[in-house]
Amino acid sequence: MPSSSNAAAARHADANWTPDQPIVAIRNVHKSFGDFEVLRGITFDVMKGDVICIIGASGSGKSTLLRCINALVPIDSGSIKVEGQEVHQPNLNTLALRKKVGMVFQQFNLFPHKTALQNIMMAPVQVLKQDKDAVRERARRLLAKVRLEGKEDAYPGELSGGQQQRVAIARSLAMNPDVMLFDEVTSALDPETVNEVLLTIRELAEEGMTCMLVTHEMGFAREVADHMYFTDRGIIVEHGPPQEFFANPKDERTKAFLGQIL
Amino acid sequence: MAKRHDVYGTTDLPVLLPAAERLNRQAAAERVLGAPKLRLRAWHGLALAAVIVLWTSFVWAQADGAGNEQQESVISAIWRWLPVLLGGFVFNIAISFLSMGIGTVAGTLLGIMQISQVWPVRGSSWLVTQFFRNAPWLVLLFFCMFLLPFEFTVFGVTIPFPDWIKAVIGLALPVMANVSEIVRGAIQSIPSGQWEAAHSLAFSRWQILSQIILPQCVKRMLPPWMNLYAILTMATVLASVVGVGEVMTLTQRVLAAENRPEFLVPFYGFVMLLFFAYCYPIARTTQKLELRYAVKQ
Ligand SMILES: Nc1ncnc2c1ncn2[C@@H]1O[C@H](COP(=O)(O)OP(=O)(O)OP(=O)(O)O)[C@@H](O)[C@H]1O
Ligand SMILES: [Mg+2]
């Protein structure tokens with residue numbers, strides 16, 4: 001079908017990109033806030049379907065890195081490509097980029113004046129101009145997928161933290177992203193509700209969604225991650241497959257950090 | 001730890017602490033509000049009524065003592081002039097509605113311009129806001145009276161521009177500036193996470209403002225906006241200074257016609273009572289809303 005391949009080509013800002021190339025390619029990224037250099041040369045690739053986990057001390061720039069990927073924060077130098085689209089350029093097509101990249105935050109950030117269903121429907125209807133009935137149908141399916149059927153008409157204030165976070169995940173998924181960014185999505189939750197959110201993320205990962213997670217849940221990271229990254233003061237100090245990474249970390253800073261946390 | 005008291009910074013006398021705290025909180029509230037806060041209490045109205053009653057009976061006793069039975073009592077004089085006074089008061093309310101409407105629309109636009117990413121827009125709207133917010137209302141009223149023409153000619157059609165319309169515009173200016181601050185403050189009080197989440201969903205800046213931020217602001221803006229309205233309503237009497245036939249002007253004319261100096265206090269007291277009866281419910285509702293939202297957050 002030529003029309004669908006045209007659509008696929010239009011979806012990727014760079015028509016040369018093919019799925020066997022990194023879906024996210026980060027090259028020597030630098031970022032400063034004022035005098036303070038938060039990212040000091042980050043380089044790595046994420047392949048389609050990969051689940052990568054980033055861990056590191058507070059203030060080491062993990063959130064900043066994720067925010068750079070969907071252009072919430074502009075970078076100073078280096079390059080970030082998402083499906084071949086360069087993020088660091090003056091006339092960036094943010095709409096095209098943000099359609100491809102979904103993001104979930106520590107504080108959920110649901111829109112408090114909209115119901116769960118409306119939260120999920122808003123962006124596809126208003127940004128992508130999709131048909132409202134079709135979107136509503138999809139939103140209901142997404143709510144069911146995150147195990148919240150029956151909560152369509154609940155306002156965020158009426159939901160528990162774990163439920164709100166799952167609505168936030170569904171809201172991101174409604175845009176049909178190719179990459180999902182999770183920034184410490186369980187850090188603001190009560191211990192009892194952490195697992196329900198982790199379960200949702202695990203299912204996503206098993207379905208083949210490309211996921212980049214910043215997390216302090218080491219057990220979870222060890223189970224779902226294809227690759228672990230450890231950041232310290234704006235650089236990646238060590239990375240590797242989780243078994244190796246957790247069993248015998250090489251760098252002293254990784255050892256110290258894991259020693260503290262495990 | 002004695003150090004902790006330094007946080008309040010205003011006194012180190014423990015006896016005064018509660019008052020200092022209260023004043024601090026008041027000042028903080030007024031900063032958030034963007035306008036002085038109206039504090040109408042029930043006893044204000046009761047005191048007014050008491051003054052009128054006392055004065056009336058005093059006048060009565062004097063009249064009795066002088067044996068001038070043919071002189072009319074204050075109460076019946078107020079009653080006789082009631083339609084005129086109420087008519088004037090309704091005019092005040094009409095002026096307040098119009099000024100509030102114009103000021104709210106213009107102020108909302110100005111407030112949104114204050115958070116523009118284009119610095120000339122942001123700077124100029126800030127300047128306009130600060131100018132009209134800190135200018136005395138009466139001065140603005142005079143400016144409008146003398147600077148605006150008494151008629152407009154557009155495409156050959158001459159539109160008259162009576163004094164009361166100039167007064168409406170003169171009062172709308174400070175309202176606009178105060179609404180601008182209320183809107184700016186409310187927008188900036190919305191957590192930045194709302195912007196981030198909306199940006200990550202590919203909403204444009206304008207969509208975020210109109211669909212996500214401003215709808216959340218309405219609740220927060222309602223109490224200060226109502227407070228501003230009550231203040232505006234009381235300020236409509238300023239229009240009498242520039243000769244608009246509202247309740248104060250009419251009261252002056254009535255008193256001149258009656259030529260009874262002892263009527264002065266009860267008549268003006270009555271006018272104040274009218275304003276109190278109108279503004280007090282608004283002030284109460286504002287307080288209740290404030291409390292309700294404060295508890296919810
Ligand atoms: N918008 C900003 N302006 C100024 N400084 C910032 C800004 N955002 C982040 N920073 C600073 O950059 C540093 C790194 O922040 P970042 O949030 O990326 O760290 P993190 O690794 O996510 O830490 P945490 O585990 O606490 O979330 C911090 O010192 C933070 O204060
Ligand atoms: Mg962080």
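When reading the values below, keep in mind they use all heavy atoms of this one structure, side chains included, and skip hydrogens, waters and symmetry mates. Only a predicted model underlies this, so the values are computations on that prediction, with no experimental measurement involved. The sequence lines fix the lettering, A, B, ..., with proteins before strands; numbering per chain opens at 1.
- Closest heavy-atom contact between A:His113 and B:Ile212: CE1-O, 3.5 Å.
- Contact detail for A:Leu95 and B:Ala202: the closest heavy-atom pair is CD1-CB, 3.6 Å.
- How far CZ of B:Phe203 is from CZ of A:Arg98: 12.0 Å, rounded to the nearest 0.5 Å.
- Residues of residues 187-195 of chain B having a heavy atom under 4.5 Å from any heavy atom of chain A, listed by number: B:Gly193, B:Gln194.
- Residue A:Val101 touches chain B through its backbone alone, counting heavy-atom pairs closer than 4.5 Å.
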Legend entry - From CA spacing to verdict: side chain to side chain contact (heavy atoms under 4.5 Å, CB included), B:Glu196, A:Met103: CA-CA 9 Å; B:Glu196 278 195 326; A:Met103 184 157 186; over 6 Å; no

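- The line from CG of A:Asn109 to NE2 of B:His199 is 12.5 Å long, rounded to the nearest 0.5 Å.
- Across all non-hydrogen atoms, the minimal contact from A:Phe111 to B:Ala197 is CE2-CB, 4.5 Å.
- At a 4.5 Å heavy-atom cutoff, the contact between A:Leu110 and chain B is made by backbone atoms alone.
- Here the closest non-hydrogen pair linking A:Ser172 and B:Leu201 is CA-CD2, 4.3 Å.
- Of the two parts of A:Arg171, the backbone and the side chain both hold a non-hydrogen atom closer than 4.5 Å to a non-hydrogen atom of chain B.
- With sequence neighbours excluded, the residues satisfying side chain to side chain donor-acceptor pair (under 3.5 Å) with B:Gln130 are B:Asn134.
- Contacts of A:Gln126 with chain B are made by both backbone and side-chain atoms, with heavy-atom separations under 4.5 Å.
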